[in-house]
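In what follows, every chain begins at residue 1, and chains take the letters A, B, ... in the order their sequences are listed. Given the structure is predicted, the values throughout are model-derived calculations rather than measurements.
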Amino acid sequence: MDGLLDEFGSGDAQARAESWRYSRQALRALEQQSFQSADANVSVPQALIDRFDWPQTRGHRLVFVNGVLDATLSDAGTSGAIIETDAVGVHALRFAGKGVMHLVFVNVATAMPSRWNAAVHIRVESGKAFLVEQHVGMQGADMLGALASDFTIADGASLQTATLGDLPGSASLVRRVGVTIGAGSAFGATHALCGGRFQRFDIDAQLTGAKAQLAARGVFALRGREHVDVHLDVRHAARDTISDVLWRGVADGRARGILHGAITVAPGADGADARLETKNLLLSPHAEIDAQPVLEIYADEVKASHGATVGQLDERALFYLRSRGVPLAAARNLLIAGFCRTAFSRIETTDLRGPFEALLDAHLPQQVDAGE
Amino acid sequence: MTMLKIENLHVRVAGKEILKGLSLEVKPGEVHAIMGPNGAGKSTLGYVLAGRDGYETTQGRIEYDGKNLLDLEPEARAAAGMFLAFQYPVEIPGVNNTYFLKAALNAQRKARGESELDSMQFLKLVREKLAVLHLKEDLLNRAVNAGFSGGEKKRNEIFQMALLEPRLAILDETDSGLDIDALKMVADGVNAMRAPDRAFVVITHYQRLLDYIVPDFVHVLADGRIVESGDASLALRLEEHGYAWIAQRKLAGAA
Ligand SMILES: Nc1ncnc2c1ncn2[C@@H]1O[C@H](COP(=O)(O)OP(=O)(O)OP(=O)(O)O)[C@@H](O)[C@H]1O
Ligand SMILES: [Mg+2]
């Protein structure tokens with residue numbers, strides 16, 4: 001039975017199998033369980049509300065509980081977005097001019113394993129929109145959430161996104177987003193993915209207009225047996241387009257991280273500039289990270305570079321910190337956190353650095369010596 | 001009353017013997033200069049003193065304040081007052097300079113049983129020390145040494161020394177790559193810290209630094225040991241004659 005693969009995969013059977021090869025086991029394990037449709041009429045514990053109730057986004061917030069928009073927790077009165085919901089519960093957000101929106105997806109476990117699906121369309125017609133997407137949840141019976149989004153950025157507009165995956169060990173998330181970036185427009189994305197049993201992130205971005213720009217940053221910081229699989233597919237389909245991808249991965253224990261970054265420069269997309277860099281840190285001999293940059297170029301006068309490294313903590317840096325008096329464990333934590341933070345350099349509002357850094361600090365992977 | 005006593009030290013790095021019977025004694029208040037050809041083992045000595053992994057002592061001993069230094073972890077040595085200004089300071093992207101220095105200073109204070117400084121007290125101290133070295137405050141808000149120019153890195157080392165107030169500071173070629181003004185600032189920084197209870201070991205290739213930081217003793221380290229010691233005038237003679245002169249004198253002495 002390929003139920004979940006059919007549901008979440010795209011392309012023909014071979015493409016699906018290839019794209020999911022590192023996560024096929026994780027998906028099979030989920031297929032073995034019987035999930036019922038998640039109940040959205042559940043009360044959200046205050047401790048969970050506190051995690052997304054940020055003063056800076058009050059009035060700019062939509063909260064989905066187990067996939068369903070929750071009217072009492074949501075207040076988007078001053079977000080600048082026009083919000084429409086269709087008959088099957090698909091939400092469309094339109095921004096024209098400046099807008100800020102904080103989308104929260106809350107996983108509240110019920111007695112039985114359960115799953116939810118949600119879909120959100122976002123269209124930025126003009127000006128600059130800022131979107132925070134946060135996934136939180138509480139430990140309990142297993143949950144599987146699936147979010148399908150698409151972002152359309154009209155010519156000359158800009159969308160900056162910040163995505164925080166902050167899930168308990170019982171929750172899994174499959175999140176697929178398609179991005180269309182028009183002429184002279186910009187898309188920026190910063191991700192911090194932590195926790196969860198299984199997280200799959202697909203970002204399929206098309207630079208469809210001349211001088212369209214994409215900057216994607218992210219980090220997965222994985223502990224124990226966490227498993228995060230990120231697929232970035234960037235397609236340059238117009239002249240003088242720019243893409244810049246920077247990813248950091250850290251894993252301890254038996255955690256597993258995958259970053260697949262594919263950049264295609266289509267015929268005619270002359271003058272494209274594509275950059276992809278991923279650096280990864282393994283803190284345990286049993287942790288595993290697969291970083292696969294793929295670059296395919298079919299146009300002329302293209303500047304392209306990619307690099308992927310997987311390594312251990314820098315012994316020289318560790319010694320430098322210790323020689324100044326920082327104890328070993330603290331020195332390691334400083335280096336691990338610092339390594340991750342280099343992915344946050346593009347976050348535009350300093351308001352948001354805080355939540356990103358707090359998420360990392362709470363989930364920081366650890367290096368433990370054998371025998372400790 | 002000796003602060004540091006190194007006796008017949010043999011050190012192996014990556015299976016190769018680098019220090020081959022080095023002895024040196026440093027008392028509080030003294031400034032020792034160490035000169036010597038490239039590859040002689042000067043930086044190796046600094047690393048061994050600071051406690052870097054991978055430096056295996058096969059013979060000899062190092063006493064610091066009467067205790068076996070080799071028993072201590074690098075952070076414990078720092079808390080006991082040891083400081084190494086690196087020949088090649090390490091760039092650490094993502095780690096904020098101020099945050100790191102506050103963590104370092106407070107960890108040292110805690111280890112010594114002193115109270116930790118709060119942010120206000122720490123910043124006050126930082127501003128004081130920055131002024132002495134004419135360092136720009138924005139360097140502090142950047143990642144540790146990341147993207148610093150060669151000279152900025154060296155001045156940052158001395159700034160850290162000023163902040164941490166060690167009792168034994170080893171400066172490994174802190175003068176290399178500095179412009180003349182920066183050299184004077186570094187020398188001023190060191191001279192301002194000279195004190196009866198503090199000692200310096202200054203590794204350098206150039207007499208010029210020793211015009212500003214006048215040493216009590218000058219040693220020549222060649223092929224893993226101290227082959228000649230003297231007062232400040234030894235540096236002048238080295239400048240004039242080069243290291244070959246020492247080798248010749250040794251040969252003449254042996255004949
Ligand atoms: N990790 C290592 N593996 C192999 N050889 C090493 C290692 N570290 C140092 N060495 C060797 O040890 C010798 C001494 O090096 P060291 O850096 O101490 O010299 P130095 O006196 O500081 O030289 P310089 O004046 O050029 O700074 C050199 O021959 C060097 O190549
Ligand atoms: Mg050296």
Open item on the list: Does the structure place the NZ or CZ of B/Arg155 under 6.0 Å from the centre of the six-membered ring of B/Phe159, at an angle of no more than 45° from the ring's axis?
Closed with: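 Judged by the rule (NZ or CZ under 6.0 Å from the ring centre, within 45° of its axis), B/Arg155 is not positioned above B/Phe159.
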Open item on the list: Can you see whether A/Phe339 has A/Arg248 sitting over its ring - NZ or CZ less than 6.0 Å from the centre and within 45° of the normal?
Closed with: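 Judged by the rule (NZ or CZ under 6.0 Å from the ring centre, within 45° of its axis), A/Arg248 counts as positioned above A/Phe339.
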TODO: Would you mind checking if B/Glu173 and B/Lys154 are paired as a salt bridge, meaning a charged N to carboxylate O distance below 4.0 Å?
DONE: no
TODO: Would you kindly say whether A/Asp229 and A/His227 are connected by a side-chain donor-acceptor distance under 3.5 Å?
DONE: no
Open item on the list: Please tell me whether A/His236 and A/Ser243 have a donor and an acceptor in their side chains that are separated by less than 3.5 angstrom.
Closed with: yes
Residue part contacting chain A, namely of [X], when any heavy atom lies under 4.5 Å:
| X | value |
| --- | --- |
| B/Arg77 | neither |
| B/Ala50 | both |
| B/Asn145 | side chain |

Task: Backbone of A/Arg223 reached by a side-chain donor or acceptor of A/Glu226 within 3.5 Å - done: yes
- [ ] Output the option from B/Glu91, B/Gln108, B/Met82 having the highest count of non-hydrogen pairs under 4.5 Å with chain A.
- [x]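 Sorted descending by pairs with chain A, the first entry is B/Gln108.
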Task: Among B/Ala107, B/Ala78, B/Pro74, B/Gly54, residue most engaged with chain A (heavy-atom pairs, under 4.5 Å) - done: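 With the most close heavy-atom pairs to chain A, the winner is B/Pro74.
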Open item on the list: At a 4.5 Å cut-off on heavy atoms, which part of A/Leu318 comes close to chain B: side chain, backbone, both, or neither?
Closed with: neither
Open item on the list: Less than 4.5 Å to any heavy atom of chain B: does that hold for the side chain of A/Arg341, its backbone, both, or neither?
Closed with: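 Just its side chain gets close to chain B.
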